[in-house]
Amino acid sequence: MKVHVRYFAVLRDASGVAGEDVEGGFSDATGLWDQLCSRHAFPLGLDSLRVSVNAKYVPTGTALHDGDEVAFIPPVSGG
């Protein structure tokens, strides 16, 4: 399966890119996250992120399909 992953804020800083195509044997967002964590030194756990697939928020166990666009969105604070 091949998906496009978008990164924001601290995840973009850790990966060094705003997005990338990722191929692998993952079947859901949790499996994709596990693969990405082995590639990048992300400072956050999946339980602190929101997951978006094709611009819609979804649960972390949502199945992925070839060509999906996935975003892992870290918490945002403001003042």
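- Between Phe72 and Phe8, the shortest heavy-atom distance links the atoms O-CD1, 4.3 Å.
- Minimum heavy-atom separation, Pro43 to Val10: CG-CG2, 3.5 Å.
- Taking both residues in full, the closest heavy atoms of Ala14 and Ala41 are given as CB-O, 3.9 Å, listed atom of the first, atom of the second, then distance.
- Hydrophobic clustering (ILVMFWY, side-chain heavy atoms < 4.5 Å, transitive): Val17 and Trp33 are in one cluster.
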### Task
In sequence, state the C-alpha distance, the side-chain angles, and the governing distance for Leu64 and Met1, and then conclude on side-chain contact (heavy atoms from CB on, under 4.5 Å).
CA-CA 9 Å; Leu64 299 177; Met1 178 181 319; 3.7 Å; yes
For residues 44-51, tabulate all N or O donor-acceptor pairs below 3.5 Å that involve a side-chain atom, not counting sequence neighbours.
from	atom 1	to	atom 2	distance (Å)
Ser48	OG	Gly45	O	2.8

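- Residues satisfying the ring pair (Phe, Tyr, Trp, His ring centres under 6.0 Å) criterion with Tyr7, sequence neighbours excluded, are His40, Phe42.
- Taking all atoms of both residues into account, the shortest heavy-atom contact from Gln35 to Glu23 is NE2-O, 2.8 Å.
- For the atom pair CZ (Arg6) and CG (Leu11), the distance works out to 12.5 Å, reported to the nearest 0.5 Å.
- Listed by first and then second residue, the side chain to side chain donor-acceptor pair (under 3.5 Å) pairs involving residues 58-67 amount to none (not counting sequence neighbours).
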### Task
Take Val70 and Ser52 through the test side-chain contact (heavy atoms from CB on, under 4.5 Å) and record every step on the way to the result.
CA-CA 6 Å; Val70 182; Ser52 169; over 6 Å; no
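- Residues passing the salt bridge (Lys or Arg N to Asp or Glu O under 4.0 Å) test with Arg39, sequence neighbours excluded: Glu20.
- Glu69 has its side chain out of reach of Val3: every pair of non-hydrogen atoms, C-beta onward, lies at least 4.5 Å apart.
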### Query
Can you check side-chain contact (heavy atoms from CB on, under 4.5 Å) on Lys2 and Val22, steps first, answer last?
CA-CA 6 Å; Lys2 182 177 180 180; Val22 178; over 6 Å; no
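- Scored by the side-chain hydrogen bond (donor to acceptor under 3.5 Å, both in side chains) test, Asp68 finds Asn54 as partners (sequence neighbours excluded).
- The stretch residues 9-30 participates, sequence neighbours left out, in no ring-ring contact (aromatic ring centres under 6.0 Å, His included) pair at all.
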